[in-house]
Amino acid sequence: MPPADTSADLLASVPGEHAPADVSAHAWVRVALDVPLAGPFDYRASTPLAPGLRVIVPFGRRRLVGVVVDNPAEPAIDPAQIKAVERVLDDLPPFGADWLRLAVFAAEYYQRPLGEVILPALPPPLRKVSAYEGQRSAAGPVARMDLRAMPKPAKKGKRAAKAALVATPEAAVPVDNDAQTCATPGDAVPLAGAPVAASPPVLNDEQQAAVDAIAAVRGFKPVLLHGVTGSGKTEVYLHAAERVLAAGRQVLLMVPEINLTPQLEAVLRARLDAVAGPGALAVLHSGLADGERLQAWVRAQRGEARVLLGTRMSVFAALPDLGLIIVDEEHDASYKQQDGLRYSARDLAIWRAHDLDIPVLLGSATPSLESWLHAERGRYLRLTLARRAKSSSLPAVRLVDTRRLAMKQGLSPQLTDAIGKRLERGEQSLVFLNRRGYAPVLHCASCAWVSHCPRCSAYTVLHRGPGAGGHVLACHHCGFQARVPRACPECGDQDLQPMGRGTQRVEEHLGELFPGARILRIDADSTRRKGSAQALFASVHAGEVDILVGTQMVAKGHDFSRLGLVGVLNADSMLFAHDFRAPERLFAQLMQVAGRAGRHAEGGEVLIQTGYPEQPVYQALLRHDYAGFARHALRERESTGLPPYAYQALLTAEARELAQALAFLQEARALPESTGAFGTLVSTITRYDPVPLRVVRVANIERAQLLVESGHRPALQAFLSTWSALLPQLANASRVRWQLEVDPLEI
Ligand code: ADP
Ligand code: ZN
Ligand code: ZN
């Protein structure tokens, strides 16, 4: 049920947009604004405004949309300087107290001003003054949204759509229907999913036991559903969700990738409509047009949407009746936002569930070591699905030792043979290679020149251009592009050679080896156009592809029914990365890609090419032994004092010159010695030396970082809040751009 609109009576006495400010106004309201200043900011109104209401206020020379967070008894500054709230936006009920608590927690935990948490969480039309201005728009985007939700006339052509865009400058109108997520079941929009079974499968014993255990959970309890790939975790989610829906509560289901939403969306519609009614599903992710995102947000906030399916941003959705949060592939790094507010949606989901005293379900075949340790210690309830739901066995994993083999274009004879056999049997193969482009670098055989970016300390990658045969050199860090030189810029030799290989080159080589095969490449390059990833995945599901070549985009979540073989090409490149999480990430990624094989039929097979078959990561993969891998990795982390046995934060500084960045970080590091503000806090904090980033220069900006660490999370939090408040005052602060990241995933 949507909550009662309590704002209405409060608003009656609030001045409208054009009403003069009431000089006798006596209520103070504290407003969060998206400005890079500490905030929140005090304003005057004639009556208290409910926290969670949006308002338009003057700020300097601008006018901004803000959110009321408090009604203080006394303002924080001289009342004579306080301006009046210009307008109260009553097109939505105020955000609930729980929503504000989540925002306050995130702001404190991640050390950001509250306004920089609250406003960016909202769909753009809800936080833009322009969306409420002008004759046509005065009623606001939500009011216009309701009109758009009416049945649409016949599809407009491209030109008509353009004209419509021009006529309604708010541009929030979803004119093209290519966005998957607003499709109703009747729409002829292809969903990139395997056909949805008409009747739900009967749960197997393991699934049933998991569903029962989840049903028995009362109040807050994180449940870690550790299920091997293909074990049918989705069914468990669905059953858990159905119970919560039947009890009249909402469900938030998070997935790491936009590309995983269509398949799940189709399943959810088919299954949950019966419990929650048609139209009970809303989908929220960054691939949506503003208007679509607004619509999903508003329906969730009004309680019309009973299930919200979304990527990490959906953890901030206002859900008045939230009764269960599900985080699929909880280990996935995509849950971490990498700019602005650098939050972990998984961690915030757990906090939110704790705050609301509801269960949270974390699913994965390869849980993060953080979650696994909690389960080992009994803080999380661990449920296990050890068997696959459809085929009775996991795919057979083989390591192909490349040290003694004659490789051709990176392919071992074993892998080539295996692909050939699958082709004969009419089965699909997947060749996984986590490197896009044609070749990672161009190289001069006579003088050893290699192609590099003039703006970054990085190589440029050779890409097959859009035209026939043409190539370009592209920088994956800054986007710089250059034509391929005819001759070596250093020595003039014309014999320039691509070194190594990326997905384009492997695709080309497979085409030569298997001329009759239908080969498809899926990576960030082949899916750049909106909606194209969905179309490509649909063609794989439809059986129109024999050999799929792809990066990690293809490794995640997809339930391919005809895929028998997975070949992994450059796994070793991830083995020796500097980050202490590299083995964990490699294991998860290989387990996941291996898990695409043989999901619906016996005989699935995985070939991993490696020069280091004796490495523990590979040995654990051979046995599908996540628990063994985790035991080994946790022991190592414990002995070296790394997460999850310690808590970290990373201060990064960027400047024209590395020396400036390092000087700032040195100053920051020395703050406890140069001020008395920290007291005894620092004794439990390790401050490491500032170091340049591995790729130190990107787009002519040089970067360095400083790691701080503690075995005690509250101590680190207390340190960070004192520290981050002092950083802007450092002498070098004006010469750098800096940011603080709590619980960084990459170091
Ligand atoms: P996971 O997410 O654990 O990797 P999925 O949820 O994608 O696995 O399930 C794998 C496949 O097994 C899907 O095609 C699903 O429809 C099917 N499936 C799940 N549970 C059952 C069951 N109890 N009986 C038969 N098939 C099932
Ligand atoms: Zn040369
Ligand atoms: Zn560059």
Side-chain angles (χ1 to χ4, degrees), residues 193-211 225-240 253 255-256 260 263-264 266-268 270-271 326 328-330 332 361 363-366 383-392 394-395 442-461 473-482 485-497 541 555-563 591-601 604 695-701:
V196 180
S199 59
V202 179
L203 296 183
N204 63 35
D205 295 350
E206 285 185 331
Q207 287 171 315
Q208 188 62 54
V211 168
L225 181 65
H226 178 221
V228 300
T229 54
S231 57
K233 291 186 283 296
T234 315
E235 275 307 315
V236 176
Y237 302 154
L238 287 168
H239 279 80
L253 170 50
V255 291
L260 292 175
Q263 187 172 348
L264 206 48
V267 174
L268 286 169
R271 292 285 292 283
I326 302 170
D328 189 26
E329 312 285 8
E330 67 89 26
D332 200 291
L361 178 54
S364 179
T366 52
L383 304 172
T384 308
L385 306 179
R387 284 178 284 114
R388 281 194 152 177
K390 277 201 166 137
S391 59
S392 60
L394 285 162
L442 189 66
H443 166 250
C444 169
S446 7
C447 81
W449 171 87
V450 286
S451 58
H452 52 263
C453 177
R455 302 152 35 110
C456 306
S457 45
Y459 299 132
T460 45
V461 178
L473 288 167
C475 173
H476 286 188
H477 295 276
C478 74
F480 169 86
Q481 287 212 353
R486 279 171 202 279
C488 173
E490 292 287 325
C491 74
D493 194 318
Q494 299 200 349
D495 187 22
L496 293 177
Q497 293 293 337
H541 285 296
K556 292 185 187 179
H558 294 279
D559 190 31
F560 300 124
S561 59
R562 299 175 186 83
L563 201 134
M591 270 288 244
Q592 204 154 36
V593 71
R596 299 315 106 203
R599 292 170 73 84
H600 289 216
V695 178
V696 61
R697 189 165 48 97
V698 168
N700 291 325
I701 298 292

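Both ligands and their constituent atoms are indexed starting at 1 by order of listing.
Looking at heavy atoms from C-beta onward, L225 lies out of side-chain contact with E330 at the 4.5 angstrom threshold. No side-chain heavy atom of R486 sits under 4.5 Å from any side-chain heavy atom of L496. Within the 4.5 Å cutoff, the side chain of Q592 has no heavy atoms near those of the T366 side chain. Residues L238 and L268 have side chains in contact (heavy-atom distance under 4.5 Å, counting atoms from C-beta outward). Counting heavy atoms from C-beta on, the side chains of C478 and N700 never come closer than 4.5 Å.
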Could you tabulate the donor-acceptor pairs under 3.5 Å formed by side-chain atoms of residues 201-208, not counting sequence neighbours?
from, atom 1, to, atom 2, distance (Å)
N204, OD1, E206, N, 3.2
N204, OD1, Q207, N, 2.8
E206, OE1, A386, N, 3.0
E206, OE1, R387, N, 3.1
E206, OE2, A386, N, 3.1
Q207, OE1, N204, N, 3.0
Q207, NE2, G232, O, 3.0
Q208, NE2, D212, OD1, 3.0

side-chain contact (heavy atoms from CB on, under 4.5 Å) evaluation trace for V236 with L383
CA-CA 11 Å; V236 176; L383 304 172; over 6 Å; no
task: List the steps, then state whether side-chain contact (heavy atoms from CB on, under 4.5 Å) holds for R388 with T229.
output: CA-CA 7 Å; R388 281 194 152 177; T229 54; 3.2 Å; yes
- Show your reasoning for whether side-chain contact (heavy atoms from CB on, under 4.5 Å) applies to R455 and H477. CA-CA 9 Å; R455 302 152 35 110; H477 295 276; over 6 Å; no
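Using a cut-off of 4.0 Å between Lys/Arg side-chain N and Asp/Glu carboxylate O, D559 and R599 are scored as salt-bridged.
Listed by chain and number, the protein N, O or S atoms at a distance under 2.8 Å from the Zn ion (ligand 2) are C444 SG, C447 SG, C488 SG, C491 SG. Near the Zn ion (ligand 3), less than 2.8 Å away, sit the protein N, O or S atoms C453 SG, C456 SG, C475 SG, C478 SG.
C444 approaches C491 most closely through the heavy-atom pair SG-SG, 3.7 Å.
More than 12 heavy atoms of other residues, nucleotides or ligands shown are found within 6.0 angstrom of CZ on F560.
Closer than 4.0 angstrom to ligand 1 lie heavy atoms from P201, V202, L203, N204, Q207, V228, T229, G230, S231, G232, K233, T234, E235, A389, K390, D559, R599, H600.
To the nearest 0.5 Å, atom CD of residue Q263 and atom OG1 of residue T234 are 8.0 Å apart.
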